[in-house]
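Data block below; observations after.
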Number of protein chains: 2
Amino acid sequence: MTATRQFPWDHPRFKSWISVARACQVMNQVLAREIASLDIKPPHLDILVNLYRFEGLTQQDLARRLLVGRSNMSMLLPQMEKRGLISRRGDENDRRVLRLYLTEDGRALAEKAMDIQTKVIDRMMETSTLDECMSVANVMERLTAALLLRDGR
Amino acid sequence: MTATRQFPWDHPRFKSWISVARACQVMNQVLAREIASLDIKPPHLDILVNLYRFEGLTQQDLARRLLVGRSNMSMLLPQMEKRGLISRRGDENDRRVLRLYLTEDGRALAEKAMDIQTKVIDRMMETSTLDECMSVANVMERLTAALLLRDGR
DNA sequence: GCAATTTTGTTCAACCTTGTACATTATCGC
DNA sequence: GCGATAATGTACAAGGTTGAACAAAATTGC
């Protein structure tokens, strides 16, 4: 009657996920080292990339995109503003919100940072075919959607 | 002569990686919420699982496995020891090292936590076939190996 | 229109993580 | 054996992240 325990690490899906988590962790560490030359860290990079792509986001928008708390943005963005990378301008129609824009310096830095990020990702994913990459993306998107739907946010 | 910039987000490998990073982030948040009922957080879970599987690890071993700094272990482990989840015993042969063991409470908690983790992963990965999972694991392992080899640690 | 509710951004205290400097102990070269 | 080097764990300061409480502004329901 002693039900033999199913060890999680013998479980294919479990093992698979562990390898994903590990890869992410390593990736973040490598990326952090590579962009340190620009004197920024991964959170700053995420902000720069998002503002590069979507100008005029509010802090709330940005926080939601990055899956972090609003207070996090309230801590990081003023630093970046002081550094001259972004500007925060109040919205005319809604005086609660601050809209975010890259300065010229910020835009230039974002481009340098994205180049580095792209190189790291390329170097990393060159061990896989494009088909494999796209299949991975597919699995991950389904999975994220499943989690977000089930668990709210 | 104006070389049109290749936007990273149009780059298949880049997009693929972003989806992986996003999935990891969501996963960690969901997992953190689920194990909060056991009054532990992801770092504690990682420690419990590793000690469950590899009894007698040293703090250094554990730190390397988890890809974190030694000082991190020096902060977390005494807490867990006070909580009665683990015990740290000096090694006879090498009086520098502390070997780590789960207590009975720790082992019981580890099993509960692993059950939760397995359920979350299953729920998450059930949107994919086993073949897909194994293919993902394959890509991730190659990728981690590539990064670790190239960039030292 | 106006009170109640919601949304946005800030502040603050708590906690986690990291890197550096340090003390202790092993190991290596000789 | 012994001095130089390396490895292990700890202490501490700096910085990142979070959630809760808050103020200001917008929206909703009536």
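Just so it is clear: chains get the letters A, B, ... in the order the sequence lines come, proteins before strands, and each one is counted from 1. Just so it is clear, the model here is predicted, and its values are computed rather than measured.
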Any side-chain N or O of [X] under 4.0 Å from OP1/OP2 of [N]?
X     : N      : answer
B/Q59 : D/dT8  : no
A/Q79 : D/dG16 : yes
B/R70 : D/dA11 : no
B/R99 : D/dG9  : no

Can you sort out the partners of A/F54 under ring-ring contact (aromatic ring centres under 6.0 Å, His included), two or more places apart, ordered by chain and number?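 Here no residue qualifies.
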Using atom [atom1] of [X] as one end and atom [atom2] of [N] as the other, report the distance to the nearest whole Å.
X     : N      : atom1 : atom2 : value
A/E92 : D/dA25 : CD    : P     : 15 Å
B/L67 : C/dC16 : CG    : P     : 20 Å
A/Q60 : C/dT8  : CD    : P     : 5 Å

B/Y101 six-ring centre to B/R88 NZ/CZ under 6.0 Å and within 45° of normal: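 Pair B/R88/B/Y101 does not count as cation-pi.
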Validate the cation-pi geometry between A/R53 and B/F7: distance from NZ or CZ to the six-membered ring centre under 6.0 Å, angle to the ring axis within 45°.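 No, A/R53 and B/F7 do not form such a contact.
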Counting the atoms with a prime plus P, OP1 and OP2 as sugar-phosphate, which does A/N72 contact under 4.0 Å by heavy atoms, base, sugar-phosphate, or nothing?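 Contact class for A/N72: base.
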How would you label the contact of A/N93 with the nucleic acid (heavy atoms, under 4.0 Å): base, sugar-phosphate, or nothing?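 Counting heavy atoms under 4.0 Å across all strands, the contact made by A/N93 is with sugar-phosphate only.
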Compare the minimum distances between each of C/dT25, C/dT10, D/dT18 and the side chain of B/R95, then state the nucleotide with the smallest one.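 Nucleotide nearest to B/R95's side chain: C/dT25.
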Taking for each residue the nucleotide of DNA chain D bearing the nearest heavy atom, is the 5' side occupied by A/S71 or by A/H44?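 The 5'-side residue here is A/H44.
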Do side-chain atoms of A/S135 reach the backbone of A/D131 as a donor and acceptor pair under 3.5 angstrom?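 Checked: no pair found.
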